[in-house]
Amino acid sequence: MRLFQTPFNLDLTLCCGQVFKWEKKEDWWYGIIGNNPIKIRQINKDLEFENVSTNLIKSYFGLNDNLHEIKRKISKDNFIENTLTRFWGLRIIKQDPWECLISYICATYKSIAAIRKMLFELSEKFGEKKILNDYVFYTFPKPEKFQSITKSDLLDCGLGYRSKYVLKTSKKILSRDSFFDELKNFSYLQAKKQLIEFPGIGQKVADCILLFSLGKTEAFPVDIWVKRAIIKYYSNHFSKKFISKISRSRSISNSEYNTLNEFGRTYFGENAGYAQEYLFHFERMSSKKNFL
DNA sequence: TTCCAGGTTCCAA
DNA sequence: TTGGAACATGGA
């Protein structure tokens, strides 16, 4: 598939911490879309893939989003504009809502490396085995599977105190037909209110689910990295007292979250989620050695 | 060893 | 309504 005028960077999109279960071997990425194992690689403007349709690739990797238009709308200052240029082609993936929801409950207070480990173990133990070109995959366990999974099973996968949240929330969601379809039709705020009712889902996890799987691009998740980026590059939008307060403690209180989240959504607008993902990635990269 | 991680929950004030 | 401790575990 030739990308022509469609800016896309497969490596950045899969490495930036929005999805957890993709693996790269040599220049091919291996992962699962829907229930199918696929492999994909990018060589300049060409995407090569196996076992998946072009339409599914386009919808999963958000290739139908007009990234030029999104950039134009969220480029409110030099910093975000430079960040967009630097990581140009990073796109928001349209994940499966169920997998995304459980993944981000697991993602609380964990490093991305540790999250990956948990989710791979969960899939290997309770998912379905698939093989493509001798490469072995395990699908993410379906909601029904969680009826027979015990707390001890989840502890064995390293979920720790998140185990009870995953079990309670999966049971609640199983009891509601078409739950995710309903949420897609709700406004951002209505859908967020619904999600926060579930155990283990607070404001940040809800925003991640809304952005990464339910198409709510105005969602602006604020985690430790985004908070750091705001303190460094956007502190002039807040009082000195507020910046000093959020700089002192590691965690973010509910009211602080509201302030930072509202800033992101009003400042960047309807595609705030895209701005967030570029800020998140920039801040994580800049913490590593050899950056710049 | 120690520190920290894509936070949420619970409880006291 | 708000502030702060507790929470399980693994990677760096």
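Every value quoted in this text rests on a predicted model; they were computed, and no experiment measured them. Note on naming: letters A, B, ... go to the chains in the order of the sequence lines (proteins, then strands), and numbering restarts at 1 for each one. What you see below is based on every heavy atom in this structure, not just the backbone, and it leaves out hydrogens, waters and symmetry mates.
Smallest separation of non-hydrogen atoms from A:Glu270 and A:Lys73: OE2-NZ, 2.7 Å.
If you check every strand for non-hydrogen atoms under 4.0 Å, A:Lys288 touches nothing. Within the nucleic acid shown, A:Glu256 has no heavy atom closer than 4.0 Å to any nucleic acid atom. Residue contacts for A:Gln203: at a heavy-atom cut-off of 4.0 Å it reaches the sugar-phosphate backbone alone, with no base atom in range.
In terms of the side-chain contact (heavy atoms from CB on, under 4.5 Å) criterion, residue partners of A:Ser75 (sequence neighbours excluded) are, by chain and number, A:Lys71, A:Glu81, A:Leu84.
Within the hydrophobic cluster formed by Ile, Leu, Val, Met, Phe, Trp and Tyr side chains joined at under 4.5 Å, directly or through other members, A:Leu14 is accompanied by A:Met1, A:Leu3, A:Phe8, A:Leu10, A:Val19, A:Trp22, A:Trp29, A:Ile33, A:Ile38, A:Ile40, A:Leu47, A:Phe49, A:Val52, A:Leu56, A:Ile57, A:Tyr60, A:Phe61, A:Leu63, A:Ile93.
If you check residues 225-234 of chain A against DNA chain B, the residues with a heavy atom closer than 4.0 Å are A:Trp225, A:Val226, A:Arg228, listed by number. Within residues 106-124 of chain A, the residues approaching DNA chain B are A:Ala107, A:Thr108, A:Tyr109, A:Lys110, A:Ser111, A:Ile112, by heavy-atom distance under 4.0 Å.
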Listing time: all N or O pairs from protein to nucleotides 9-13 of chain B that are below 3.5 Å?
from, atom 1, to, atom 2, distance (Å)
B:dT9, OP1, A:Gly200, N, 2.8

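For DNA chain C, each stem of at least three Watson-Crick or G-U pairs (distances under 3.5 Å) is given as range with range: B:2-5 with C:9-12, B:7-13 with C:1-7.
Side-chain rings of A:Tyr267 and A:Tyr234 approach one another, their centers coming within less than 6.0 Å. Note: A:Phe282 and A:Phe280 fail the aromatic proximity criterion, with ring centroids not under 6.0 Å apart.
In this structure, A:Tyr165 and A:Ile201 have side chains that are not in contact, with every pair of non-hydrogen atoms separated by 4.5 Å or more.
Ion pair A:Lys216/A:Asp207 not flagged as a salt bridge, since none of the NZ, NE, NH1 or NH2 atoms sits closer than 4.0 Å to an Asp/Glu carboxylate oxygen.
Between the side chains of A:Asn133 and A:Lys39, at least one donor N or O sits under 3.5 Å from an acceptor N or O.
The NZ atom of A:Lys151 sits 7 Å away from the P atom of C:dA8 (whole-angstrom rounding).
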